[in-house]
Amino acid sequence: MSIRTTSCTFVLAILVGGCTQFPPKNQPSDLVPKAGSDTEVSASSSAISLLPSNRIDDADKNSVIEQIMTESGWNEMIEQLPAMVAMGFDQQQPPPIKRDEYEKLRQVLLQAFEPERIRKTIVGHLNERYESKRFSEFLALIRTPLAKKMIALEIEANTPQAQQEMMQMGNILMGQASPGRLELARRLDEASNATETALDIQMMIFEAIMKNMNKILPQEQRVTEEQLERMLEQIRLQSVFPARQYTQLSIVYIYRSVSDEELRQYVKLHESEIGRWGSDLIRSTWMKVAEDVSADLAERMKNTFIEHNAI
């Protein structure tokens with residue numbers, strides 16, 4: 001299978017769903033008290049209430065986005081990205097380049113996944129996609145007790161140690177899973193579009209690596225643009241089945257402590273109208289991350305290798 005630098009984290013991110021009730025539509029926000037309220041507020045809150053309406057909206061939007069980032073587990077997942085990427089990279093067969101260049105490539109890759117940069121990309125994309133009603137509904141979803149429980153399990157499984165344990169237990173877990181459990185895993189994969197999104201992300205980043213690696217290989221080992229495109233198409237086709245198996249194993253592993261009924265209800269959350277909207281939002285967000293990472297990675301590889309080391 002092709003390089004697995006990001007699949008664990010992105011698949012887990014795509015599965016995030018979520019949680020309790022949010023304030024009724026007309027209820028004032030705790031952050032932005034309405035003018036004329038009898039409620040005593042702090043000086044800072046009073047200042048917010050005197051801002052122009054568009055700035056009040058911005059304050060409310062930023063608050064909702066920050067709550068989603070925290071309560072969905074995205075902040076924790078972002079912090080784990082470098083460790084997860086390093087694990088995936090270290091498991092791959094080294095390319096035909098010198099060892100010191102291989103180590104530089106590893107460093108360049110990790111730098112492209114710097115958590116604060118990833119977080120900035122995500123927050124920026126959520127700001128661009130922001131719709132007050134939809135985002136409030138999605139926040140309400142990730143606050144339901146069931147989603148909160150599942151998100152905690154997803155965060156727990158989002159470490160290199162947990163991923164290694166999953167791979168060691170893989171055959172046992174899948175062998176013990178009932179047909180009903182496997183069907184629920186299939187439905188959750190389909191509703192969240194996990195496998196397809198993970199593959200799209202992987203291929204975008206892999207393409208950036210391959211195109212730039214091709215420029216520093218010895219002349220006789222380089223491939224043409226057309227050959228490279230065919231190789232990428234073939235890699236993706238060959239990756240679909242193992243990627244889907246990996247996603248379903250992840251689902252079985254992450255939720256192994258919950259009952260079939262709980263998992264069934266979680267699947268229904270994802271299959272709901274707002275659940276599918278949320279999955280689309282998550283997909284577009286991580287595709288934006290992949291796009292930015294790919295561009296940054298290509299630039300870093302150019303600066304580190306190509307300008308000085310091209311043969």
Side-chain angles (χ1 to χ4, degrees), residues 6-23 63-81 83-84 115 118-119 121-123 125-126 129-130 134-163 165-166 173 181 184-195 197-198 201 246-286 289:
T6 58
S7 61
C8 311
T9 301
F10 288 127
V11 168
L12 292 173
I14 292 157
L15 297 180
V16 169
C19 71
T20 86
Q21 302 147 8
F22 58 104
S63 172
V64 170
I65 289 173
E66 284 303 319
Q67 289 174 68
I68 288 174
M69 293 291 295
T70 299
E71 298 182 38
S72 67
W74 281 11
N75 283 333
E76 289 90 340
M77 291 178 179
I78 292 166
E79 289 301 317
Q80 287 289 339
L81 267 174
M84 298 289 274
I118 300 293
R119 190 180 189 282
T121 296
I122 291 175
V123 171
H125 182 75
L126 294 180
R129 287 285 302 266
Y130 188 78
R134 285 297 196 181
F135 272 61
S136 294
E137 291 172 345
F138 184 58
L139 181 57
L141 181 67
I142 63 176
R143 284 178 171 166
T144 59
L146 174 60
K148 289 170 74 174
K149 177 178 180 176
M150 298 304 219
I151 288 169
L153 294 175
E154 290 156 7
I155 294 171
E156 185 181 312
N158 191 53
T159 66
Q161 296 77 15
Q163 291 299 307
E165 179 185 64
M166 182 187 78
L173 285 170
R181 192 71 160 193
L184 289 172
R186 186 199 65 75
R187 282 175 57 190
L188 185 53
D189 180 16
E190 180 181 334
S192 60
N193 205 21
T195 297
T197 302
I201 289 166
Y246 183 87
T247 300
Q248 294 182 14
L249 168 60
S250 297
I251 293 169
V252 171
Y253 172 76
I254 294 167
Y255 311 113
R256 63 194 184 281
S257 63
V258 307
S259 67
D260 282 355
E261 182 55 31
E262 285 178 301
L263 186 55
R264 184 174 295 106
Q265 292 305 315
Y266 194 49
V267 170
K268 288 181 179 179
L269 279 182
H270 282 273
E271 291 176 340
S272 68
E273 197 270 338
I274 188 60
R276 290 189 179 277
W277 179 89
S279 292
D280 176 68
L281 175 68
I282 293 168
R283 172 182 168 81
S284 70
T285 300
W286 286 100
V289 169

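All values below come from the heavy atoms of this structure, side chains included, with hydrogens, waters and symmetry mates left out.
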| task | Applying side chain to side chain donor-acceptor pair (under 3.5 Å), name anything that partners Glu156, two or more places apart in sequence or on another chain. | result | none

| query | Looking only at heavy atoms, which two atoms of Ala147 and Leu269 are closest? And how far apart? | reply | CB-CD1, 4.2 Å

| note | The ring pair (Phe, Tyr, Trp, His ring centres under 6.0 Å) partners of Tyr253 (sequence neighbours excluded) come to none

| said: Going by side chain to side chain donor-acceptor pair (under 3.5 Å), name the residues that satisfy it together with Glu271, two or more places apart in sequence or in a different chain. | reply: Arg187

| message | Does any part of the side chain of Glu154, heavy atoms only, come nearer than 4.5 Å to the side chain of Met77, both counted from C-beta? | response | yes

| task | Evaluate the side-chain proximity of Ile251 to Tyr266: yes if any heavy-atom separation is below 4.5 Å, no if none is. | result | no

| query | Under the criterion side-chain contact (heavy atoms from CB on, under 4.5 Å), which of Val123, Ile118, Leu126 is the partner of Trp74? | reply | Leu126

| Who are the salt bridge (charged side-chain N to carboxylate O under 4.0 Å, His left out) partners of Glu76, not counting sequence neighbours? | none

| note | By side chain to side chain contact (heavy atoms under 4.5 Å, CB included), Glu79 pairs with (sequence neighbours left out) Pro115

| Side chain of Thr70, backbone of Gln67: donor and acceptor closer than 3.5 Å? | no

| message | So which atom in Val252 and which in Ala185 form the shortest heavy-atom distance, rounded to 0.1 Å? | response | CG2-CB, 4.4 Å

| message | If the threshold is 4.0 Å, N to carboxylate O, is there a salt bridge linking Lys148 and Glu71? | response | no

| Any side-chain heavy atom of Val64 sitting closer than 4.5 Å to one from Tyr130? | yes

| At what distance, to the nearest 0.5 angstrom, does CG of Leu249 lie from CG of Leu173? | 6.5 Å

| Residues in side chain to side chain contact (heavy atoms under 4.5 Å, CB included) contact with Gln161, at least two apart in sequence or another chain | Thr159

| message | Nearest 0.5 Å, please: how far is CD in Gln163 from CE in Met84? | response | 4.0 Å

| task | Mind checking side chain to side chain contact (heavy atoms under 4.5 Å, CB included) for Ser257 and listing every partner two or more places apart, or none if nothing turns up? | result | Leu153

| Quick one: side chain to side chain donor-acceptor pair (under 3.5 Å) partners of Thr121, sequence neighbours excluded? | Asp292

| Check: Ser192/Ser279 side-chain N/O donor and acceptor closer than 3.5 Å | no

| remark: To the nearest 0.5 Å, atom CG of Asn75 lies from atom CD of Gln80 at 12.5 Å

| Trace of the side-chain contact (heavy atoms from CB on, under 4.5 Å) decision for Arg276 with His270 | CA-CA 6 Å; Arg276 290 189 179 277; His270 282 273; over 6 Å; no

| message | Within the structure provided, determine whether Leu188 and Tyr255 are in side-chain contact (heavy-atom separation under 4.5 Å). | response | yes

| task | With sequence neighbours excluded, tell me which residues meet salt bridge (charged side-chain N to carboxylate O under 4.0 Å, His left out) with Glu66. | result | Arg119

| Side-chain touch Met150/Leu263, heavy atoms, less than 4.5 angstrom | yes

| Counterpart residues, side chain to side chain donor-acceptor pair (under 3.5 Å), relative to Ser284 (two or more places apart) | His125, Arg129

| said: Using the salt bridge (charged side-chain N to carboxylate O under 4.0 Å, His left out) criterion, which residues pair with Arg134? Sequence neighbours excluded. | reply: Glu137, Glu273

| request: Identify, with sequence neighbours excluded, every residue that meets salt bridge (charged side-chain N to carboxylate O under 4.0 Å, His left out) alongside Arg256. | output: Glu165

| query | How long is the gap from CD1 on Ile254 to CD1 on Ile155, to the nearest 0.5 Å? | reply | 11.0 Å

| Gap separating the OG1 atom of Thr197 from the CZ atom of Arg283, nearest 0.5 angstrom | 4.0 Å

| message | Distance check, rounded to the nearest 0.5 Å: Ile282 atom CD1 versus Ile68 atom CD1? | response | 9.5 Å

| message | Side chains of Thr195 and Asp189: any donor to acceptor distance under 3.5 Å? | response | yes

